[in-house]
**Student:** 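I'd like to ask some things about the structure below.
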Amino acid sequence: MTYTTEVRAIFDALGVPPPGDSPGGLEVRTPLDGSLLARLAVTGEAQAGAAIERAAARFTGWRDLPAPRRGELVRAFGEEVRRHKEPLGRLITLETGKILQEGLGEVQEVVDICEFAVGLSRQLYGLTIASERADHKLLETWHPLGVVGVISAFNFPMAVFAWNAALALVCGNTLAWKPSEKTPLSALALNGLLLRTAAALGQESAGLSEVLIGDRAVGEALVAHRDVKLVSATGSTAMGRAVGVACASSFKRSLLELGGNNAAIVCPSANLELVVRGVAFAAAGTAGQRCTSLRRLLVHREIYPALVASLVRVFGHLPVGDPLAAGTLVGPLIDRRAFEAMQRALGEARAEGGQVHFGAREPVGNDAAYYVRPAIVELATQCGPMLQETFAPILYVAPYDSFDEAIALNNAVAHGLSSAVFTHDLREAELFTSARGSDCGIANVNIGTSGAEIGGAFGGEKETGGGRESGSDAWKAYMRRATNTVNFGSSLPLAQGIRFDV
Ligand code: UN1
């Protein structure tokens, strides 16, 4: 079976109509061997506007449905996704190149956030606050926003949408989704399943969640549209800066989840066997293409030689190859540009005097596929390319002498997404997770930087954009807050004791 026929079979298994063939349209290629999976019609500006207007028209009816009823759709959708975990996982692998285990894990993340959101649909709570006035009640209520625009990246083509969609839907919003132009099939499949589920429940599916196919132009149309009330964007810092500025100029809300240049600190007391496993998954897993991927390893000088030797041994044997095959741990990079960016960074590291282990192309697949052995780069100090996020499997390693120095190095980059410390010293663990410790949105102890559960709020500081998605109280970003003061007495006392007698 060719990958193209497999894609068609996956859409069939999902009960979702496969996308038609549009000669001259957007070409979707698999990173497995560069072959063509589909040619999709690009959403023009007028079509994007019409889709967003459908979502805006659908909003009022959806808003007026009680939240637990809205949760019924999300529950049924989560069940459908669970039932179709295998084909959805395979589609993710075919489109992104991540290994099947991780494709399935991503689908599980969709199921998990749906379950979270179903519970949430009965817990959209506000505060009551003590009023300073007699016979007055002061409270907060939360209301839906309208159309939520989602821009998602290639590396998590289903989960990131689901973090947004599950929450946005139970909160009473409708959706317009612009997926990465590298992974539109995952979007069409998942969204198709959502709409099919809605229709099966007797709910109007048109306008509930619209997919916009295309590149930056369609993203810009989404951000600019007046009916889009929140833009939740995941991707590069450059993209996020453009989205953030465009939203700010029209006072539109934005929720940004951008890059990361994530570090882990390894202390002398750490369990080095656990460190090696944690580091291998975080740095080489997903071929280094998670925003939470581990990029910088800061190792205490005492244990540096032993740890680096173990890591070099393990990286040298990582099974790189077909991501659908059992046993493979590292699939291909997404495309040639990713490969070139990786090689450029390795060249810069060499120019800084870095010692580069691995990082070259592996003899897998054909010329149009970019399989690489994840690289380890030893640097005497944190400098040069180690300070940049390169979306590729490069692990920079540098030694440190004191824990305070390690924290300073952890925080000395532009991004602030994820971080970790490996230690058995309680004081180091507590310091790292305290206000004087890591400045990131995620600070872990004795696990790697990637692979967060959906229950916590997900996102980071500084050039990571400051947004929070997924669990905890991230739902509040998808609603607007109203403060209500209710007078149930028969006089009209004014706040602050002001007298205004007429
Ligand atoms: C991303 O790379 O954009 O924590 C998201 C993780 C995943 C999500 C990553 N749950 O690695």
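In listed order, ligands and their atoms are each counted from 1. Predicted, not measured: the structure shown is a model, and the values here were computed from it.
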**Student:** What part of I454 sits under 4.0 Å from ligand 1 if we count only heavy atoms: the side chain, the backbone, both or neither?
**Tutor:**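 It is neither; nothing of I454 touches ligand 1.
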**Student:** Decide side-chain contact (heavy atoms from CB on, under 4.5 Å) for F77 and L190; before the verdict, give the C-alpha distance in whole Å, the side-chain angles of both, and the deciding distance to 0.1 Å.
**Tutor:** CA-CA 10 Å; F77 173 55; L190 192 69; 3.8 Å; yes
**Student:** By number and element, which atoms of ligand 1 are closer than 4.0 Å to a non-hydrogen atom of T292?
**Tutor:** 4 (O), 6 (C), 11 (O)
**Student:** CD of E72: more than 12 outside heavy atoms within 6.0 angstrom?
**Tutor:** yes
**Student:** Does any donor atom in the side chain of D33 or S35 lie under 3.5 Å from an acceptor atom in the other side chain?
**Tutor:**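 Looking only at side-chain atoms, S35 and D33 do form a donor-acceptor pair, the distance falling under 3.5 Å.
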**Student:** Can you confirm whether the side chains of H357 and E378 place a donor and an acceptor under 3.5 Å from each other?
**Tutor:** yes
**Student:** Counting the benzene-type ring for Trp, do W163 and F116 have ring centres under 6.0 Å apart?
**Tutor:** no
**Student:** Are E95 and K182 within salt-bridge range, i.e. N to O under 4.0 Å?
**Tutor:**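 Answer for the salt bridge query: no.
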**Student:** Could you say whether the N/O atoms of Q289 and ligand 1 ever approach to under 3.5 Å?
**Tutor:** no
**Student:** Compute both the distance and the angle, then confirm whether K229 meets the cation-pi test with Y478: under 6.0 Å from the six-membered ring centre, within 45 degrees of the axis.
**Tutor:**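 Negative - K229 is either too far from the ring of Y478 or too far off its axis.
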**Student:** Which residue holds the protein heavy atom closest to atom 4 (O) of ligand 1, what is that atom called, and what is the gap in Å?
**Tutor:** A452 N, 2.7 Å
**Student:** To the nearest 0.1 Å, how far is atom 1 (C) of ligand 1 from its closest protein heavy atom, and which atom is that?
**Tutor:** C291 SG, 2.7 Å
**Student:** Among all protein heavy atoms, pick the one closest to atom 9 (C) of ligand 1 and tell me residue, atom and distance.
**Tutor:**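 Answer for atom 9 (C) of ligand 1: F156 CE1, 3.6 Å.
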**Student:** Please list, in number order, the atoms of ligand 1 under 4.0 Å from a heavy atom of R290.
**Tutor:** 2 (O), 6 (C), 7 (C), 11 (O)
**Student:** Going by the atom numbers of ligand 1, which of them fall below 4.0 Å from some non-hydrogen atom of W163?
**Tutor:**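 Selected atoms, number and element: 5 (C), 8 (C).
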**Student:** Report the nearest protein non-hydrogen atom to atom 6 (C) of ligand 1: residue, atom name, distance rounded to 0.1 Å.
**Tutor:** G451 N, 3.2 Å
**Student:** Going by the order shown, which atoms of ligand 1 are within less than 4.0 Å of some heavy atom of E257?
**Tutor:**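 Under 4.0 Å from E257, ligand 1 has these atoms: 3 (O).
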**Student:** Could you tell me the residue and atom name of the protein heavy atom closest to atom 10 (N) of ligand 1, and the distance to it rounded to 0.1 Å?
**Tutor:**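 Minimum-distance protein heavy atom for atom 10 (N) of ligand 1 reads E109 OE2, 3.0 Å.
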**Student:** Numbering the atoms of ligand 1 from 1, which are under 4.0 Å from a heavy atom of S450?
**Tutor:**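 Checking each atom against S450, I get 11 (O).
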**Student:** Working note: E102 + R290, criterion salt bridge (charged side-chain N to carboxylate O under 4.0 Å, His left out); need CA distance, chi angles, decisive distance, verdict.
**Tutor:** CA-CA 11 Å; E102 293 196 51; R290 289 193 191 213; 2.9 Å; yes
